[in-house]
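These figures come from a predicted structure and were not determined experimentally.
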Amino acid sequence: MMNRLSRIFRSFFGFFISIAEDPELILEQNIRDMNDQVPRMNESIAMVKANVTLLEKEESKYQAQLNDLGAKVKASIQAGRDDLAGQFAIQLEQLRGALARTQGQLTTARSAYDKALNVKKAFLREKERKTNEAMNAIRDYRRSKWQKQVADAMEQFEVAGISQTHDEMVRKIEETTAVNEARMEMAIGNVDQQRFQIEEDAEKLRAAELVKQFKAEMGLMTPSASTPAPEKTIGGREQDRTS
């Protein structure tokens, strides 16, 4: 009982696995998965682009502050306020460091953005190639399924259709013919062929005797010639009676 239940469960699992492993369904799901990746990829690229934009704005802000502090340093020096010029110069130095760091980050962000665009282009090309390949494979698979259905129908037609009926009817006729021929041979074998031959010979003798009688009446032959000879019997009994 356990073995039977195990076979039943295995058959169910095998059936569901075979459905799940349908090549057409898998390829269609792969196409959907690739299409779903495009929006997520665009979101990632948009985040990289936003980082570039923020760093560019920060760079512009630092450039403006540097220009303003440079002008203040020069104005303080011209006014004889070296103390103020020194303070502005320190701020300017710090701002230059921040600008350098921002520019470094901006360079990295721009490089990442360019790479992201290249990755997207490569992905789209590969997606298009795989999509076309999958669609061609799906068409071939559907065509092969249709051909299989046609082949199955043709095989069923040959097995259960006209060919089978034709062969069956020919076989029945041959069997009937053989049986009738056998019955005919048996019937012929049961007939007394010798009796038929004796009756046929007697009929010929009677016909010959009648012809002789007509010839005698017509004077074409003497009556004695038409008289049949005494029959010979066993032991000569007929000869004794005539003598």
Side-chain angles (χ1 to χ4, degrees), residues 1-29 133-243:
M1 179 63 70
M2 293 301 298
N3 291 333
R4 294 176 61 184
L5 290 175
S6 177
R7 284 195 299 269
I8 292 173
F9 287 128
R10 287 201 304 271
S11 65
F12 279 132
F13 290 141
F15 173 74
F16 290 119
I17 290 174
S18 63
I19 294 177
E21 291 181 348
D22 188 340
E24 181 178 355
L25 297 178
I26 293 175
L27 289 175
E28 289 177 347
Q29 184 60 45
E133 186 178 18
M135 294 304 298
N136 292 331
I138 289 173
R139 283 192 292 269
D140 293 340
Y141 180 70
R142 289 175 178 174
R143 189 182 304 112
S144 67
K145 289 175 64 177
W146 177 80
Q147 291 173 347
K148 180 179 181 299
Q149 293 176 355
V150 172
D152 292 342
M154 293 300 294
E155 289 176 357
Q156 292 175 2
F157 174 78
E158 290 296 333
V159 171
I162 296 175
S163 296
Q164 182 180 4
T165 304
H166 174 80
D167 295 340
E168 184 178 355
M169 293 301 103
V170 170
R171 186 174 61 255
K172 286 184 177 181
I173 291 175
E174 291 176 348
E175 291 176 355
T176 303
T177 303
V179 170
N180 291 335
E181 290 178 353
R183 291 179 62 187
M184 177 64 71
E185 292 178 358
M186 292 178 64
I188 293 174
N190 292 331
V191 174
D192 189 353
Q193 297 294 329
Q194 186 176 7
R195 182 172 63 83
F196 286 162
Q197 186 64 40
I198 293 173
E199 291 179 354
E200 184 178 356
D201 293 341
E203 188 71 19
K204 290 180 180 179
L205 292 173
R206 183 170 177 272
E209 185 64 26
L210 291 174
V211 171
K212 289 179 181 181
Q213 291 178 5
F214 275 103
K215 286 182 178 181
E217 292 176 357
M218 294 171 62
L220 298 177
M221 61 183 299
T222 60
S224 61
S226 63
T227 302
E231 295 181 357
K232 295 182 179 180
T233 58
I234 299 174
R237 295 176 181 176
E238 184 63 30
Q239 292 178 357
D240 295 340
R241 286 198 299 267
T242 57
S243 60

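What you find for L27 and A137 is that their closest heavy atoms are CD1-CB, 3.8 Å.
Take T177 and apply the side chain to side chain contact (heavy atoms under 4.5 Å, CB included) test, not counting sequence neighbours, and it matches I173, E181. Under the rule for a side chain to side chain contact (heavy atoms under 4.5 Å, CB included), the partners of K204 that lie at least two apart in sequence or sit in another chain are E200. Take Y141 and apply the side chain to side chain contact (heavy atoms under 4.5 Å, CB included) test, not counting sequence neighbours, and it matches D22, P23, E24, S144, K145. For R143, the side chain to side chain donor-acceptor pair (under 3.5 Å) partners are D140, not counting sequence neighbours. Partners of E217 according to the side chain to side chain donor-acceptor pair (under 3.5 Å) rule, which considers only residues two or more places apart in sequence or in another chain, do not exist here.
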Verdict with supporting geometry, E209 and L205, side-chain contact (heavy atoms from CB on, under 4.5 Å): CA-CA 6 Å; E209 185 64 26; L205 292 173; over 6 Å; no

